[in-house]
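Side chains included, hydrogens not; waters and symmetry mates left out as well; all remaining heavy atoms used.
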Amino acid sequence: RVLAMRPAAPLLLLLAAAGWARGEAPPDNMNGDYVLSDTTGKHPGGNAFPTHFKDYPRWVEAFDVYSPKIKTLYSQVFWKALDPVPLPQRIVDKYNGKGMAVVGFEVNQVRRTQEGDISVPITVAYNHHFTSTMIGAHSRFKKIHFNGKHDPKIKQFGMGHGIPSHRFHWTVEDLGTSSGDIPTHQDFGGANGGEFRKSFHGYAPGFAQVIDSPTEFQLTPMQIDTWNRDEMNISSPTRFVPGPLPSASLARADATYSGLLECPVTTRISKRVEGAYSIKMEGTCGAAIDSAEECFNAVKQIFDGRNSTTHEISDEHLPSGCTAASDVSNPAIVQAIFNHADSQVQCAAESKLHNMNHTEADAKSLVTIKVQLDIKTQLATITMEGPDDVWFGVGFNATCMADEPYVIVVDGRGNVTERKIGNHAPGTQLKPSIEVQSMQTKDGKRTVVLTRKLQGEVFSFDPSATILNFINALGVGPDFGFHKEHAPSSLIFLPSGDNAGACLCKIPPAPFGRSSGELVYNPTDQPGEAGEGSVPFPNYCQEAPRSDLLDMKNPTCDLRAYAGGQSACHHMWSLLDKNQSIPWVDQPLEYQFKFRFWVQPYNATYHQNVQRTSWGIASPVEYDVPQCDEGVKGCSRDETTGTWIHTIRGTYQGQGKLASAHFHCHAPTCLSMSLYACDNNVTTCNSTTGKLLCEEKPIYGHSDVAFQEDGYIDQPPCLWGSEEFGLDPPPDVTGLTLHTVKTANATVGHYGEMAWQQIYYF
């Protein structure tokens with residue numbers, strides 16, 4: 001085994017179509033030597049295991065792929081799904097109609113110059129993580145567009161680190177043309193954070209990620225610009241010098257890392273906590289909102305995306321406290337009213353003095369919909385907008401097709417029908433109860449205005465209701481049939497009319513770890529500012545024994561306590577406080593990711609394809625490491641060094657036979673991660689009752705040269721395979737209870753540490 005890091009070998013610069021013919025000497029590793037972790041008593045490496053890819057049996061070749069350019073200013077986050085790039089044509093031609101076995105890959109961040117590729121130090125641009133996908137000829141990349149941050153389609157892409165944008169995402173669509181059992185696409189990403197350059201991204205000989213007829217590659221990197229332009233070089237060697245830091249940074253003045261890489265919640269970010277308020281159309285509030293400021297903030301929170309006006313009044317003939325209504329002259333505007341008078345008048349629908357003409361609501365999902373319920377005429381007016389070339393439909397009072405709702409369908413020719421659909425079945429068409437008031441097509445959109453009675457045989461609208469769930473779908477063609485997209489959503493109704501208003505009331509706060517809401521970026525007018533938008537808070541900590549964090553009341557579990565981490569880092573957000581100007585705006589940093597893939601022709605009798613999964617014991621990905629002291633849960637002192645160590649644990653179920661394990665964590669706090677497996681007869685699985693499968697301890701750099709920057713890490717993975725290469729056989733953990741122990745240096749506190757096990761199995 002390689003016992004220590006050595007300076008990286010000089011990069012062999014290859015063209016995009018890099019490779020060589022049989023008989024030619026293959027290049028060496030792009031990033032130099034690699035280290036492996038021991039498993040259960042085995043010592044991989046040395047002369048037995050080929051950590052130099054050129055030494056793999058059965059001949060290998062390599063090719064390089066460069067990403068589109070990344071461009072940032074100091075303190076900015078770059079987290080964006082980059083456009084796909086083609087693979088070298090030589091590789092596409094060679095493996096057309098065949099399987100390509102990827103036995104490993106290497107990755108670096110580089111500036112491409114006339115002198116060749118120059119590595120960008122991790123102290124200049126910090127790789128928080130990346131995800132990447134390679135596809136073949138039997139699949140294609142598809143750009144999915146979202147209807148804002150609440151679009152339910154976003155949940156489909158929530159694996160691991162989540163997705164960077166609520167506007168679009170690149171996904172893979174299988175074309176269904178592959179005739180064999182070879183995968184049509186593969187994801188690459190083990191050891192994909194700050195450890196990405198010097199961690200071994202390979203498998204034991206005989207294992208590979210196999211792809212049929214490879215053609216394209218797509219990368220989504222999350223990078224943080226930490227380059228002090230005045231004090232640091234843009235290339236190695238360079239000594240780290242911190243730039244400006246926000247007030248919430250936990251990095252000490254003498255730290256060898258930037259406090260920006262932990263993504264502190266700065267004063268440019270505000271929190272919007274949901275679930276604190278409810279809407280009542282009848283009765284009175286059990287717990288009233290007692291200030292105009294809170295009232296108006298509650299309206300903004302509940303009716304996110306709608307314009308509002310604010311009014312303070314004192315009128316004993318109207319409900320006390322906070323009410324909301326649709327503006328009579330412009331129903332798209334919400335009137336927020338705070339009544340200072342002490343009144344006994346009840347909320348809108350039960351108020352004897354109210355003059356509620358109608359209620360209305362609108363929502364934008366796959367279909368844009370507005371519903372007005374007129375109480376005097378007992379009519380509902382429904383406006384629907386969707387594509388003009390395919391059918392679209394809305395099912396009311398439902399969250400899924402299993403609810404078998406009443407549905408209005410507009411087909412691609414403008415015909416409107418009503419149906420009672422079944423559970424994943426078209427159901428039956430109903431007798432018409434609606435009248436088409438108008439229909440128009442413009443710019444590829446069809447807008448139809450319909451009316452029907454509030455009361456119906458199959459479904460009735462309730463004017464006193466505040467929320468109406470619905471499902472909506474878009475078809476694959478003009479005629480009603482299979483849908484290509486579907487999603488649930490909801491309508492929030494408000495009264496409209498003179499002196500009408502629904503009450504907004506407080507509700508008891510959610511217990512710790514169960515709050516929801518979002519982080520809102522508040523852009524400044526400073527030069528270089530490019531951040532905008534808000535992101536839903538994604539963290540969710542499970543109860544013990546799945547994870548320790550809830551019992552520890554770790555701040556990462558709850559938006560109200562959240563102080564920093566990945567959720568506070570999104571594309572183009574600056575990690576400085578709002579009173580700090582972004583420096584060096586005339587010196588953007590530009591570079592690219594460079595991947596080198598090591599491949600062999602696929603042989604079904606030799607290669608075992610591996611799949612990727614992830615096991616987290618945090619939220620599930622990130623957590624905070626507290627600054628330890630006596631009495632802090634999870635804290636202990638190392639008896640030899642006196643260093644404070646913080647420990648978390650988690651228990652879960654395993655799957656498959658393990659081929660490799662990459663335990664993803666971050667410098668400067670990561671110390672170790674250990675994986676144990678317990679027999680089914682063990683009542684409590686832990687480090688005492690379980691068998692150790694893998695322990696990984698990061699190797700910290702201690703210099704100012706590339707790949708060994710002071711305070712940064714590589715993470716030696718665990719590999720399983722043939723004893724010929726000094727490895728244990730792949731353990732089958734299917735159905736077994738697994739237990740993970742993660743330790744971190746807690747002399748100083750840290751935001752957003754990871755406890756994320758990236759597993760390749762078969």
Non-neighbouring partners of [X] that pass ring-ring contact (aromatic ring centres under 6.0 Å, His included), sequence neighbours left out:
| X | result |
| --- | --- |
| Phe141 | none |
| His185 | none |
| Tyr591 | none |
| Tyr56 | Phe53 |

With sequence neighbours left out, what residues match [X] under side-chain contact (heavy atoms from CB on, under 4.5 Å)?
| X | value |
| --- | --- |
| Asp55 | Pro50, His52 |
| Val476 | Lys484 |
| Ala604 | Tyr602 |
| Cys263 | Met222, Ile224, Cys569 |

Do the rings of [X] and [Y] sit parallel, tilted or perpendicular, given the 30° and 60° boundaries?
| X | Y | answer |
| --- | --- | --- |
| Phe105 | Phe597 | tilted |
| Trp79 | His570 | tilted |
| Phe200 | Phe49 | perpendicular |

Does the Lys NZ or Arg CZ of [X] fall within the cation-pi geometry relative to [Y] - under 6.0 Å from the ring centre and within 45° of the axis?
| X | Y | answer |
| --- | --- | --- |
| Arg112 | Tyr66 | yes |
| Arg58 | Tyr606 | yes |
| Lys198 | Tyr34 | yes |

### Query
Under the side-chain hydrogen bond (donor to acceptor under 3.5 Å, both in side chains) test, which residues partner Tyr540, sequence neighbours left out?
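Here the qualifying residues are Arg514.
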### Message
Going by side-chain hydrogen bond (donor to acceptor under 3.5 Å, both in side chains), name the residues that satisfy it together with Gln592, two or more places apart in sequence or in a different chain.
### Response
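For Gln592, no residue satisfies side-chain hydrogen bond (donor to acceptor under 3.5 Å, both in side chains) once neighbours in sequence are set aside.
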### Task
State, to 0.1 Å, how close Phe130 and Gly189 come at their nearest heavy-atom pair, and which atoms those are.
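Nearest pair, atom of Phe130 first, then Gly189: CE1-CA, 4.1 Å.
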### Task
Take Lys94 and Glu61 through the salt bridge (charged side-chain N to carboxylate O under 4.0 Å, His left out) test and state the conclusion after the steps.
CA-CA 12 Å; Lys94 177 173 180 176; Glu61 62 181 321; 2.6 Å; yes
#### Entry: Criterion salt bridge (charged side-chain N to carboxylate O under 4.0 Å, His left out) on Asp732 and Lys657, from CA distance to verdict
CA-CA 4 Å; Asp732 189 349; Lys657 295 181 179 180; 5.0 Å; no
### Query
In terms of side-chain geometry, is the basic nitrogen of Asp117 or Arg111 positioned less than 4.0 Å from the acidic oxygen of its partner?
no
### Summary
Sequence neighbours excluded, the answer for salt bridge (charged side-chain N to carboxylate O under 4.0 Å, His left out) partners of Glu709 is Arg197
#### Entry: From CA spacing to verdict: side-chain hydrogen bond (donor to acceptor under 3.5 Å, both in side chains), Gln611, Thr613
CA-CA 7 Å; Gln611 304 177 62; Thr613 190; over 6 Å; no
### Message
My understanding is that only one of His128, His129, Gln109 makes a side-chain hydrogen bond (donor to acceptor under 3.5 Å, both in side chains) with Gln223; could you say which?
### Response
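Of the listed options, the one satisfying the test is Gln109.
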### Query
Would you say the side-chain atoms of Ser199 pair up with the backbone N or O of Glu195, donor to acceptor, closer than 3.5 Å?
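Checked: pair present.
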### Task
Could you check if a side-chain atom of Lys742 sits within less than 4.5 angstrom of a side-chain atom of Tyr623, using non-hydrogen atoms only?
yes
### Query
Under the salt bridge (Lys or Arg N to Asp or Glu O under 4.0 Å) rule, what pairs show up with a residue in residues 97-110, not counting sequence neighbours?
none
